[in-house]
Number of protein chains: 2
Amino acid sequence: MTTISDGEEIVFEQPCPIRDVLDRIGNQWSLLILEALAPGTLRFNALMREIGDISKQMLSRTLKQLEQDGFITRTLYPEVPPRVEYALTDLGRSFLEPMQQLVAWAESHHRAIVEARTRYQANPEQR
Amino acid sequence: MTTISDGEEIVFEQPCPIRDVLDRIGNQWSLLILEALAPGTLRFNALMREIGDISKQMLSRTLKQLEQDGFITRTLYPEVPPRVEYALTDLGRSFLEPMQQLVAWAESHHRAIVEARTRYQANPEQR
DNA sequence: GCTTACGGTCTGTCTTTTAGACCATCTATT
DNA sequence: AATAGATGGTCTAAAAGACAGACCGTAAGC
């Protein structure tokens with residue numbers, strides 16, 4: 001992400017929206033979190049368990065980003081121990097559709113990719 | 001990526017294909033490269049110019065991955081100076097469809113995301 | 001009084017990304 | 001004749017990012 005100093009304030013350049021969106025959702029964790037939230041609201045630790053191998057830090061940070069970008073809401077119930085619920089917004093839900101297409105593609109072409117890798121490793125002569 | 005030692009050899013776990021596919025195409029550069037190649041074959045330096053702010057190293061590395069995974073082909077013409085052409089395979093082209101959907105979503109919801117960010121920064125009190 | 005659970009933050013380490021120099025060969029310019 | 005630029009990369013050192021794990025305060029359960 002390029003930043004240019006415009007007088008006193010910092011301006012974030014977003015030449016094409018794709019870059020901008022990719023910066024956020026173009027990482028493993030964001031997509032996995034959105035997928036985990038697709039069926040419904042989840043709490044912090046429930047998300048951790050659902051995803052399995054994400055660290056607290058990355059979950060916390062990614063959730064913050066997703067909230068910031070309007071994909072999810074964060075609701076804190078001031079109980080003890082605290083309860084925090086994360087849920088998709090309309091924007092987040094609208095993103096599910098293209099994402100599901102991607103996931104579907106991944107599932108149906110996974111075998112082809114694995115095969116391509118095997119082929120690649122079997123023919124190192126032409127490199 | 002989790003690895004478990006299975007007796008003598010190392011086994012790479014790929015519990016869900018989504019993780020596996022995301023590992024490769026779930027990064028900025030891969031998607032941008034595939035998008036750049038969508039209209040047709042391009043040479044190395046042409047790709048650099050097209051994408052603009054990618055380093056040679058990352059371009060080289062990501063192209064290698066994409067080739068490995070069967071998304072693109074690499075054709076070296078042994079001339080001087082050397083000419084290397086990158087083109088989408090059928091697999092790569094088939095990926096364009098879900099990707100275009102994602103790009104379309106990004107374009108049409110970009111404004112909403114930027115607005116969400118602005119709102120977020122305007123209301124720091126509830127955090 | 002010790003452990004567990006909650007939702008995180010902080011720290012130090014490890015990995016990835018980046019910018020930029022470098023390589024060999026040829027053509028075009030000065 | 002010297003030099004600059006283009007080709008498609010690799011290499012290195014520094015910056016940025018991700019990770020695991022310790023830590024926090026409060027309260028309930030044992």
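Here the structure is a predicted model, which is why all the values come from computation and not from measurement.
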Residues 91-111 of chain A vs salt bridge (Lys or Arg N to Asp or Glu O under 4.0 Å), sequence neighbours excluded, gives A/Asp90-A/Arg93
Across all chains, not counting sequence neighbours, the side chain to side chain donor-acceptor pair (under 3.5 Å) partners of B/Trp105 are A/Ser94, B/His109
Applied to residues 39-69 of chain A, the ring pair (Phe, Tyr, Trp, His ring centres under 6.0 Å) test, sequence neighbours excluded, yields none
The first and last nucleotides of DNA chain D lying within contact of chain A, meaning any atom under 4.0 Å from one of its heavy atoms, run from D/dA18 to D/dA27
Across all chains, not counting sequence neighbours, the salt bridge (Lys or Arg N to Asp or Glu O under 4.0 Å) partners of B/Arg61 are none
The side chain to side chain donor-acceptor pair (under 3.5 Å) partners of B/Arg49 (sequence neighbours excluded) come to none
The first and last nucleotides of DNA chain C lying within contact of chain A, meaning any atom under 4.0 Å from one of its heavy atoms, run from C/dC6 to C/dT11
**Study point:** Sugar-phosphate, base or nothing in reach of B/Tyr77, heavy atoms under 4.0 Å
**Key:** nothing
Applying salt bridge (Lys or Arg N to Asp or Glu O under 4.0 Å) to A/Glu85 and not counting sequence neighbours gives A/Arg83
Taken in chain and number order and not counting sequence neighbours, the residues that satisfy side chain to side chain contact (heavy atoms under 4.5 Å, CB included) with A/Glu35 are A/Leu32, A/Met99, A/Val103, B/Ile18
Residues at least two apart in sequence or cross-chain that pass side chain to side chain contact (heavy atoms under 4.5 Å, CB included) with A/Ala38, listed by chain then number, are A/Leu96
Sequence neighbours excluded, the answer for side chain to side chain donor-acceptor pair (under 3.5 Å) partners of A/Thr89 is none
Per the under-4.0 Å heavy-atom filter, residues of residues 35-45 of chain A near DNA chain C come out as A/Arg43, A/Phe44, A/Asn45
Assign each of A/Leu63 and A/Gln57 the nucleotide of DNA chain C bearing its closest heavy atom; nearer the 5' end lies the nucleotide of A/Leu63
